[in-house]
Number of protein chains: 2
Amino acid sequence: MTTPEDPPRLRLAEVLAMEQKGNLFAEQCPSRDVLKHVTSRWGVLVLVALRSGTHRFSELRRKVDGVSERMLAQTLQWLEADGFVARKSYPIVPPHVEYSLTPLGLEVSAKVEALADWIEYNLPQILAAQGKIPIDP
Amino acid sequence: MTTPEDPPRLRLAEVLAMEQKGNLFAEQCPSRDVLKHVTSRWGVLVLVALRSGTHRFSELRRKVDGVSERMLAQTLQWLEADGFVARKSYPIVPPHVEYSLTPLGLEVSAKVEALADWIEYNLPQILAAQGKIPIDP
DNA sequence: GTAAGTACGTACAAAAAGGTAAGTATGAAA
DNA sequence: TTTCATACTTACCTTTTTGTACGTACTTAC
């Protein structure tokens, strides 16, 4: 008689296919990469900025105070690859490229904006909790 | 006659005091730091993990697959300093420390969890958009 | 007797992220 | 004619983040 077999090991892709969702608590899950892009230093700001409509590269650069061109380009490429941002370029000189949110991007950015807004509106309380600002004397 | 004076420059703290909220698009705004902590690689996961209740250090470490002790400690300290996490330690040996969400932390973590959940549930679509997984044959 | 568990702090090293500056093609404005 | 603007890319360097490994003080399990 044979020794009892271990149940066959599932590969990540198979598990995902079964449960049809990611698991951020698992180190190998690809959702971690998506999260990284979306919550990256500039990812958050770009997503929120694009909620107010299509923007050109330089418009974004001016709106998101402090991004370098290098990082803005990088961030936009991540978000495009994840299917959150659509890029449309017109083959003219000087170059003209427009960025906008895809339907998927519209959804994530809503979540991201909710978080961003919460932080902005609760900053006073947070600073108070940090003991950095004595609230309203 | 004197030259016309520029309006007096406002410092950040003064602006904040007036509008009573942060502005993430401004490079100097302290809200950027809070965002950094909350959306940091492990910050997101710790906040979500704590939503299911009080956890000990080692419980969190096991739950959040892949964190090193160093980073978990660091992350918890950030979140504690921002007023999102409460730390309670019992002076016994071996050490026993419990972490939980403050009321403020309960609020941010809700936003963070909404984002995390969205990503988990939409992973299949995202991977499909990335062209990495051919959805349902 | 020895190993393991607990909640970190710390020093050192590797990896990742980010910034800076320069280059590109071309047309238009000064 | 020099400069500016556009949307990037690339090379190089600095800063930040993250990981690794070890130490601690004491108890419990083996």
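Source: prediction; values computed, not measured. In the text below, chain A, chain B and the rest are named by the order of the sequence lines, each starting its count at 1.
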* To do: Please state how far atom OH in B/Tyr99 lies from atom C1' in C/dA7, giving the value in whole angstrom units.
  => 7 Å
* To the nearest Å, give me how far apart CD1 (A/Ile92) and C1' (D/dA7) are. => 11 Å
* Structure fact -> Pairing partner of D/dA5, by Watson-Crick or G-U wobble and under 3.5 Å for both distances, is C/dT26
* Structure fact -> A/Pro95 has its side chain closest, among D/dC26, C/dA7, D/dA7, to D/dA7
* Any donor-acceptor pair under 3.5 Å from B/Asp82 side chain to B/Val34 backbone -> no
* Select one nucleotide: of D/dT20, D/dT6, D/dC8, the one nearest the side-chain heavy atoms of A/Pro94. => D/dT6
* Asked: Quick one: B/Glu69 CD to C/dT10 P, roughly how many Å, whole number?
  -> 15 Å
* Asked: What is the distance from CD of A/Glu80 to C1' of D/dA7, rounded to the nearest Å?
  -> 13 Å
* Of all heavy-atom pairs between A/His37 and A/Ser40, which one has the smallest distance, and what is that distance? -> O-OG, 2.9 Å
* To do: Rounded to the nearest angstrom, tell me the gap between atom CE in B/Met71 and atom P in C/dC8.
  => 14 Å
* To do: Take the protein atom NZ of B/Lys36 and the nucleotide atom C1' of D/dT16, then report the distance between them rounded to whole Å.
  => 8 Å
* May I ask you to evaluate whether B/Arg62 reaches the phosphate of C/dT6, defined as a side-chain N or O under 4.0 Å from OP1 or OP2? => yes
* To do: Measure the distance from CZ on A/Arg41 to C1' on D/dT17 and round it to the nearest whole Å.
  => 12 Å
* To do: Whole angstrom is fine here: how far is it from CD in A/Glu98 over to P in D/dA7?
  => 9 Å
* Asked: Does any donor atom in the side chain of B/Ser100 or B/Lys88 lie under 3.5 Å from an acceptor atom in the other side chain?
  -> no
* To do: Compare the minimum distances between each of D/dA7, C/dT20, C/dC8 and the side chain of A/Arg87, then state the nucleotide with the smallest one.
  => D/dA7
* Would you indicate, yes or no, if C/dC8 has its OP1 or OP2 atom less than 4.0 angstrom from a side-chain nitrogen or oxygen of B/Gln77? => no
* Think A/Trp78 has a side-chain N or O under 4.0 angstrom from the OP1 or OP2 of C/dA17? -> no
* Nucleotide nearest B/Ala73 (side chain, heavy atoms from C-beta), chosen from C/dG9, C/dA7, D/dC26 -> C/dG9
* Phosphate OP1/OP2 of C/dA13: any B/Arg70 side-chain N/O under 4.0 Å -> no
* When all nucleic acid strands are considered with a 4.0 Å heavy-atom cut-off, which category describes A/Arg56: base, sugar-phosphate, or nothing? -> sugar-phosphate
* Asked: According to the interplanar angle, ranging from 0 to 90°, do the rings of A/Tyr90 and A/His96 count as parallel (below 30°), tilted (30 to 60°) or perpendicular (above 60°)?
  -> perpendicular
* Asked: Within the pair A/Ser58 and D/dT6, is there a side-chain N or O less than 4.0 Å away from OP1 or OP2?
  -> yes
* Asked: Between B/Thr75 and B/Trp42, what is the shortest heavy-atom contact and its length?
  -> OG1-CB, 3.7 Å
